[in-house]
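Residues take their numbers from the sequence shown, with the count starting at 1. Whatever order the structure lists them in is the order used to number ligands and atoms, beginning at 1.
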Amino acid sequence: MRHLMSPLDLSVEELDELLKLAGDIEKHPEKYAHACEGKKLATCFYEPSTRTRLSFEAAMLNLGGSVLGFHSADSSSAAKGESVSDTIRVISCYADICAIRHPKEGAALVASQKSGIPVINAGDGGHQHPTQTLTDLLTIYNLKGRCDHLKIGLCGDLKFGRTVHSLINALIRYPGIEFVLVSPEELRVPSYIRTDVLEANDIPFCEMEKLEDAIGDLDILYMTRVQRERFFNEEDYVRMKDFYILDNKKMALAKEDMLVLHPLPRVNEIAIEVDDDPRAVYFKQAQYGVYVRMALILTLLGIKVDS
Ligand code: CP
């Protein structure tokens, strides 16, 4: 039985297979329409979500399976004090696979250790969000034709943004990757990412504060929102929240083929006017999230669909 806690749980070869499978699902959805008949996905979300939960549910429904679950801690027995470990043991009696989101780092790992079914980390605190990374990689692969030899700007809340941490971990395994980390001083990547991941693997990177200084050289700009829910006080959030606003004036400084990704939800960090720029691909990215989660469900359940 396999779980997905981090993008590193999949080798680069397995990732490539998964991206190819997602591509085939996009082209031939009818082939996969009954692949999970009789199977159930549980979505156990202790934190709010639109994309991750609903794209997981859409993915399982597209595969002919069924879904069950809860969308907040308050609507589950967590509100009565039940532990994640006990909850997953019970969910294992009801479902074949589970996607779990929790505000605490490591909660999905704890669940996987007690689970009788594959567990997918759908976001654990400020730590990791591996299925967003699969979505991001599929977007980059499909729209750039490769995941290697790219200069990638990561902009915004690099401290609390779990999508950034997972994406850095995944991309350093591809050759020729260079990062430009654009954030205010207080929201820089955690030191474990800088030292244990980037420096330890000799990955070229630089840190900047002004997006205008970075944007002209980038192949990919990955924007993130300031993670209000991870701040200890509202004042700090208010001070930081509009630090970056990508608008058409800044887009004019970028390469013609630079892509703008964002895991969404967006708050103010990308002006609405940018949505009409063909380089803005964040809504396409959300669509790719369904295909890649379909591929992941099939992979973790060990279901092969003959061509
Ligand atoms: N990208 C992402 O995780 O979005 P949700 O919080 O809406 O799931």
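- Residue, atom and distance of the protein heavy atom nearest to atom 4 (O) of ligand 1 are Arg51 NE, 3.0 Å.
- If you number the atoms of ligand 1 from 1 as listed, the ones under 4.0 Å from a heavy atom of Arg101 come out as 3 (O), 5 (P), 6 (O), 8 (O).
- Using 4.0 Å as the threshold, Glu47 has no heavy atom nearer than that to any atom of ligand 1.
- For Tyr282 and Asp275, the side-chain atoms include at least one donor-acceptor pair closer than 3.5 Å.
- Distances between N or O atoms of Pro263 and those of ligand 1 include at least one value under 3.5 Å.
- Between Glu207 and Arg194, at least one side-chain nitrogen of the basic residue sits less than 4.0 Å from a carboxylate oxygen of the acidic one, meeting the salt-bridge criterion.
- Applying the 4.0 Å criterion to heavy atoms of Thr52 picks out, from ligand 1, the atoms 2 (C), 3 (O), 4 (O), 5 (P), 8 (O).
- Ligand 1 places these atoms under 4.0 Å from at least one heavy atom of Thr50: 5 (P), 7 (O), 8 (O).
- Set against the non-hydrogen atoms of Gln132, the atoms of ligand 1 under 4.0 Å away are 1 (N), 2 (C).
- For Arg53, no nitrogen or oxygen atom sits less than 3.5 Å from a nitrogen or oxygen atom of ligand 1, counting backbone and side chain alike.
- Residues that satisfy the ring-ring contact (aromatic ring centres under 6.0 Å, His included) test with His262, not counting sequence neighbours, are absent from this structure.
- Residue Thr163 does not touch ligand 1, judged by heavy-atom distances below 4.0 Å.
- A donor atom on one side chain and an acceptor atom on the other are found under 3.5 Å apart for Gln128 and Ser166.
- Residue pairs satisfying the side-chain hydrogen bond (donor to acceptor under 3.5 Å, both in side chains) criterion with at least one member in residues 72-82, sequence neighbours excluded, are listed as follows: Ser72-Ser75, Ser77-Lys80, Glu82-Thr87.
- Arg101 and Thr52 share a side-chain donor-acceptor pair at under 3.5 Å.
- For the residue pair Tyr222 and Asp136, a side-chain donor N or O sits within less than 3.5 Å of a side-chain acceptor on the partner.
- When the heavy-atom distances from atom 3 (O) of ligand 1 to His129, His262, Gln285 are ranked, the shortest goes to His129.
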